[in-house]
Number of protein chains: 2
Amino acid sequence: MSNEKPIIILKTPTKEETLETVRSALSRRRIIIIAGNCWVDYQGRARSTLNPGERILIIKEDGSVLVHRPKGYEPVNWQPPGCIFHSDLREDIFLIKAVRRKPRETLQIFFDEIYFLAAMSLVDEGEFSLYASEEDMQEAIMIQPSLVEDGLHPITYEKKVEPGFIDVYGIDKNGRMVVIEIKRRTAGKEAVLQLSKYVDSLKNVVNREIRGILVAPKIAKGVQKLLLTLGLEFKRLDPKKCAEILKKRKARSLEDFY
Amino acid sequence: MSNEKPIIILKTPTKEETLETVRSALSRRRIIIIAGNCWVDYQGRARSTLNPGERILIIKEDGSVLVHRPKGYEPVNWQPPGCIFHSDLREDIFLIKAVRRKPRETLQIFFDEIYFLAAMSLVDEGEFSLYASEEDMQEAIMIQPSLVEDGLHPITYEKKVEPGFIDVYGIDKNGRMVVIEIKRRTAGKEAVLQLSKYVDSLKNVVNREIRGILVAPKIAKGVQKLLLTLGLEFKRLDPKKCAEILKKRKARSLEDFY
DNA sequence: GAGTGGATTTCGCAT
DNA sequence: ATGCGAAGTCCACTC
């Protein structure tokens, strides 16, 4: 028994070969990769046109589409998962049309030259883990509040208040209420104003002094001033340090378990 | 003379072939596409691991990297343009390491099976045009203010005030100051609060009545109430209509020119 | 189904 | 370089 992957690879196929192969691959929900000279029309939430040039087209098994230029991280045109496809041949132009409902959008790609075409099924059950997210920081502060300051007692996190959510809410060693806003990267004006809003809205409710602490790896340059003006505080905290703490804790709890 | 594109396509190449081809392609700044079984480590602004599975790797000529799973619009791992690459072979594992400075980040991809490899140079000078963006809306309002209301006279756009930038600023038919905040899609709480901030900060400066108008195709459900509470107004405007107006105007100015 | 906020956001523009 | 806001943002989660 052969374990060879069923992969179709065509180098400079004719338009007819392309059409046949693409249709077959679409019906079997295979991934399709095409490199060639193409132009693209998009119509939906906005509208765009892309003049002819050499690009890579990827159609995935879930109905997502990517058109990549030779440069840049982002696709120049795309569709999120869920598209329905039509492919056709018109006067030696190979065209693929991807249609999405909700919102109604149409992406049309026209090829006049095809350099190669690949179609295959890929299996990917591999777990993806991301560390040092904002959520990790919140969790780390909850289990080790001294990361922010000694004597801090977190009460709740994600507490709902009028303007939105407070990341962490607690009581400091002197019994004062503390509101903490967490950012996983350089905190800007936005974060400060958000924290300020939270503090103000809480003041309206409890009518007592409230400390607002912005926790982030860094604070943007001009923003420190705004922070002080609003009577808020800043505490530097590295997201990676938080990830480390969680990792260690996790390892320890496994030890305890066995 | 042959016009055949210099494309290298290898089906199930050996690791040695892969290494040689990838190194050559990297040095010639060619685009590389690999499909195979791989795992990925990322370390930089955050950190991530991706367990083995079948994916597509794309390396572009500008040093951007994309690792795509068989599903989803977004790459599972990536690097923006500007990476420096190292490739190597270790105990029958083919590895590619992409390093970026500023911020310092490392992306490592390990292949134990390679289904196919393609390397090519693509030329793409095609113009890309996007219509019905927020910028189009702003432009359309500047040249046809009646889109918002009759008698409106726009004075400036992108006016700097304390909290940020005002999209459009002008005077209405009764001589009152008008601040306009534009959104190209359903305006939410965020947009209303932003507009409110702008209006308030301008009031502090000029000490006279100021109208704040939110211009968007739609306003979110609960948000209308907030808008009214804050004494602001809403004007429905479709971004596509704005695009149409600009298009017509462009066509007319071309006519005038010839 | 709509609303809300985060993102390894990326990207572009202005300071 | 840094800051700032938009994006056809996408995506996950809540109501």
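Throughout, a chain's letter reflects where its sequence line sits, starting with A, and its residues are numbered from 1.
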- prompt: Taking all atoms of both residues into account, what is the closest heavy-atom pair of A:Gly72 and B:Lys60, and its distance?
  reply: O-NZ, 2.8 Å
task: Look at B:Glu149 together with B:Lys235 and state whether they make a salt bridge at an N to O cut-off of under 4.0 Å.
output: no
- request: Any salt bridge (charged side-chain N to carboxylate O under 4.0 Å, His left out) involving residues 122-144 of chain B? Give me the pairs, sequence neighbours left out, ordered by first then second residue.
  value: A:Arg55-B:Asp124, A:Arg69-B:Asp124
task: If the plane angle is over 60° it's perpendicular, under 30° parallel, otherwise tilted; pick one for B:Trp78 and A:Tyr73.
output: tilted
- request: Report yes if a side-chain nitrogen or oxygen of B:Lys221 is closer than 4.0 Å to either non-bridging phosphate oxygen (OP1 or OP2) of C:dT4; otherwise report no.
  value: no
- request: Grab the two heavy atoms, one from A:Asp62 and one from A:Pro81, that are nearest each other, plus how far apart they are.
  value: OD2-CG, 3.4 Å
field: Touch class at under 4.0 angstrom, heavy-atom based, for A:Lys218 against every strand present
entry: nothing
message: Minimum heavy-atom separation for A:Asn37 and A:Pro52, please, with both atom names.
response: ND2-CB, 4.0 Å
- request: Determine whether the side chains of A:Glu181 and A:Tyr198 contain a donor N or O and an acceptor N or O closer than 3.5 Å.
  value: no
Set out, line by line, the N/O atom pairs under 3.5 Å between protein and nucleotides 12-14 of chain D.
none

message: Whether A:Arg30 and A:Glu61 form a salt bridge (side-chain N of Lys/Arg under 4.0 Å from carboxylate O of Asp/Glu) is what I want to check.
response: no
- prompt: Tell me, for nucleotides 6-13 of chain C in 5' to 3' order, what letter each nucleotide earns: B for a base near a protein heavy atom under 4.0 Å, S for only sugar-phosphate near one, - for neither?
  reply: SSBBSS--
